[in-house]
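The first residue in the sequence is number 1, and the count goes up from there. The structure presented is a predicted model; accordingly, all values stated were derived computationally and were not measured.
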Amino acid sequence: MEFSSIVTASDMADDCVDLLIVGGGINGAGIARDAAGRGLKVVLVEQADLASATSSASTKLIHGGLRYLELFELRLVREALQERERLLAIAPHIIKPMQFVLPHVEGLRPRWQIRMGLFLYDHMGGQHRLPVSRTTRFSDEFQHTLKETILHGFVYSDCWVDDSRLVVLNAMDAANRGAQIRTHTRFHGANASAGRWHAQLIDQSSGEQSTVTARAMVNAAGPWVEDVLRSVPSAHNASQVRLVKGSHIIVPKLYEGDHAFLLQHPDGRVVFTIPYERDFTLIGTTDVPYERDPASVTISREEIDYLCDTVNGYFLRQISADDVKWTYAGVRPLHDDDAANASRVTRDYKLEFADTDHLPPLLSVFGGKITTYRRLAEMALHRLEPFIGNGSENWTADAPLPGGELPHGDFEAFLAGVQRRWPFLPEPMARRLAHAYGTRISDFVAAARSLEDLGTHFGAGLTRAEVDYLRTHEWARTADDILWRRSKLGLHTTPAERQTLRQYLENNKEV
């Protein structure tokens, strides 16, 4: 498939589009992809980089949400388990199965409750390819990780995902199907005239102002969903967003193996430990009410101590704040269901039309989780159909995301082919590139016969060929876009290497 080049701000400037989407997180990108694939004329605007907020600050899981069963969110869990299977099929390069070990501790959730929950988890989503849950004794396995007083537990399966790449791949597919993706473009407000929205946009880099005329708008601004509504005169919504901060820490690898742990905390919450970037362990998350600017969210010392203390209650290896190599935090824009505790606020989504006094349709997205983004997008297009049409049938459940066309969905077989074709790639680099780009790896490696052919090496296997590809086809502008969202190579590069990359981008603003 040929790549569409990134559309400039001047393209389509005077045309009326079918759909203007505000927000370049997973929901906005998913809706743009679905709509463009139905033949609709789409513009998506994002005030910063794609996945620059909540959608790159998740726990990196595609999962049903085992904990949501005890909140009786059965519909959400069933839908999420079904989506887990669909997403694994269409993006096997950035999504992979993972085993989760759930130690049992006396005084917390009883064994019968966990067994019942896992039985439901195994069966309520229909047929699936992942192994079913089982019980285990830690004298037989995992005994070198957990404290000797923890004797038994459970093992179940879910999936891991590169969350920010999932967003980018949806945006790429949307662009390939005709959508215009405009990053670093702020939605300033909209007014209605003659049954159309006239939205004012500002380019964050140049300050240039432009207008897009649209038959309908989708407000997928995440933590800023209410800010967008306030910028549209006469737009009112019954629902409200509830902001909840979730924070994570990255520490040196705590144990060998590709499995994760789900650790129960006495307060009723759970904390995951997940193998991360080969040399590290990801630990998260927290649930803290948040009322400040979502753009400036950071982890607190109390959250770091909370996560360290949870791990120290289970693992032989003890950690402290001094072991933390990196942190990240995000603000979940949950649908406010009046739950008393932040950790019990629903993770389900709600799609709601604004009461706009007979103005054009404005559909806002409240809540949601990364696992259900594709289904959310499908539902959004169904809600919009009476206003803008979309005669084609649902299509995203079976269409691979860019790079996901792996034969039989077999990543290891695909990786073996990559290593045969480009034997000069070191194994860690070949694996990373195969995971990140899937079949699209050939778009910037194809002609290379040596590492030198890929150009300047910026450290940790990042080359000029890859950097230029990301700038041309994936909207990357800054070093942070490349090192922390398109990849996680910021964990593996030195300050000097990162500065070299920044200097290259500054000296080569056009590709």
Side-chain angles (χ1 to χ4, degrees), residues 57-61 63 65-67 70 98-109 111 114 117-118 133 136-161 163 244-288 297-330 332 341-343 488 491-492:
S58 77
T59 312
K60 324 298 183 192
L61 298 180
H63 65 145
L66 181 61
R67 186 173 66 88
E70 64 186 2
M98 182 173 283
Q99 284 195 326
F100 290 75
V101 180
L102 198 172
H104 177 257
V105 176
E106 295 295 335
L108 299 181
R109 293 171 180 85
R111 295 182 70 179
I114 297 174
L118 289 172
S133 61
T136 184
R137 293 191 62 84
F138 297 132
S139 58
D140 300 324
E141 53 184 345
F142 314 117
Q143 68 267 37
H144 299 301
T145 303
L146 297 167
K147 292 183 175 180
E148 295 178 357
T149 54
I150 304 174
L151 302 177
H152 45 72
F154 306 84
V155 179
Y156 70 98
S157 298
D158 262 322
C159 290
W160 177 93
V161 65
D163 52 3
V244 176
K245 179 172 67 163
S247 299
H248 298 75
I249 59 175
I250 310 293
V251 300
K253 184 166 62 175
L254 294 177
Y255 52 88
E256 297 298 325
D258 296 327
H259 54 280
F261 284 88
L262 187 156
L263 310 177
Q264 300 182 76
H265 192 279
D267 65 7
R269 295 205 67 260
V270 297
V271 169
F272 291 97
T273 71
I274 301 171
Y276 194 66
E277 286 296 303
R278 190 176 70 249
D279 300 325
F280 302 93
T281 299
L282 168 66
I283 303 171
T285 180
T286 57
D287 277 318
V288 179
V297 61
T298 58
I299 194 171
S300 68
R301 179 55 189 259
E302 290 76 17
E303 289 175 288
I304 293 175
D305 291 342
Y306 176 93
L307 295 173
C308 290
D309 290 346
T310 303
V311 168
N312 291 340
Y314 287 84
F315 285 7
L316 289 170
R317 181 174 174 182
Q318 302 287 282
I319 60 173
S320 70
D322 293 337
D323 296 299
V324 175
K325 300 302 181 184
W326 187 53
T327 69
Y328 65 87
R332 307 182 193 99
N341 189 301
S343 67
K488 303 300 180 290
L491 284 167
H492 303 282

Evaluate the side-chain proximity of [Y] to [X]: yes if any heavy-atom separation is below 4.5 Å, no if none is.
| X | Y | result |
| --- | --- | --- |
| Val155 | Phe142 | yes |
| Arg109 | Leu102 | no |
| Tyr306 | Asp267 | yes |
| Val101 | Phe138 | yes |
| Arg111 | His152 | yes |

> For the side chain of Arg67 and the backbone of Gly268, is there at least one donor-acceptor N/O pair under 3.5 Å apart?
Replying inline: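 Not confirmed, Arg67 side chain does not pair with Gly268 backbone.
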>> Test your reading of the model: is there a side-chain donor-acceptor pair from Lys245 to the backbone of Thr298, 3.5 Å cut-off?
In response: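 Answer holds: yes.
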> Should Cys308 and Val251 be marked as a side chain to side chain contact (heavy atoms under 4.5 Å, CB included) after you check the CA-CA gap, both sets of side-chain angles, and the distance that decides it?
Replying inline: CA-CA 10 Å; Cys308 290; Val251 300; 5.9 Å; no
Output a table of donor-acceptor pairs, distance under 3.5 Å, between side-chain atoms of residues 271-284 and any protein atom two or more places apart or on a different chain; print 'none' if there are none.
from   : atom 1 : to     : atom 2 : distance (Å)
Thr273 : OG1    : Tyr255 : OH     : 3.3
Glu277 : OE1    : His492 : NE2    : 3.1
Thr281 : OG1    : Leu254 : N      : 3.0

Considering non-hydrogen atoms only, spot the tightest contact between [X] and [Y] and give its length.
| X | Y | answer |
| --- | --- | --- |
| Gly246 | Arg332 | CA-NH2, 3.5 Å |
| Gln264 | Val270 | CA-CG1, 4.4 Å |
| Gly330 | Val297 | CA-CG1, 4.2 Å |
| Arg269 | Thr286 | NH1-CA, 3.9 Å |
| Thr59 | Tyr328 | CA-OH, 4.3 Å |
| Ser247 | Ala329 | OG-CB, 3.4 Å |

> What distance do Asp323 atom CG and Ile304 atom CD1 have between them, rounded to the nearest 0.5 Å?
Replying inline: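 It comes to 11.5 Å.
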>> Within this structure, what is the CD-CZ distance for the pair Gln99 and Phe261, rounded to the nearest 0.5 Å?
In response: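 Here the rounded value is 11.0 Å.
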> What side chain to side chain donor-acceptor pair (under 3.5 Å) pairs are there with at least one residue in residues 308-322, not counting sequence neighbours?
Replying inline: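 Listed once each, the pairs would be none.
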> Taking only residues at least two apart or on different chains, which pairs with a member in residues 137-151 satisfy side chain to side chain donor-acceptor pair (under 3.5 Å)?
Replying inline: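 As it turns out, the side chain to side chain donor-acceptor pair (under 3.5 Å) pairs with a partner in residues 137-151, which skip direct neighbours, are Arg134-Glu141, Thr136-Glu141.
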> Should Lys488 and Ile250 be marked as a side chain to side chain contact (heavy atoms under 4.5 Å, CB included) after you check the CA-CA gap, both sets of side-chain angles, and the distance that decides it?
Replying inline: CA-CA 12 Å; Lys488 303 300 180 290; Ile250 310 293; over 6 Å; no
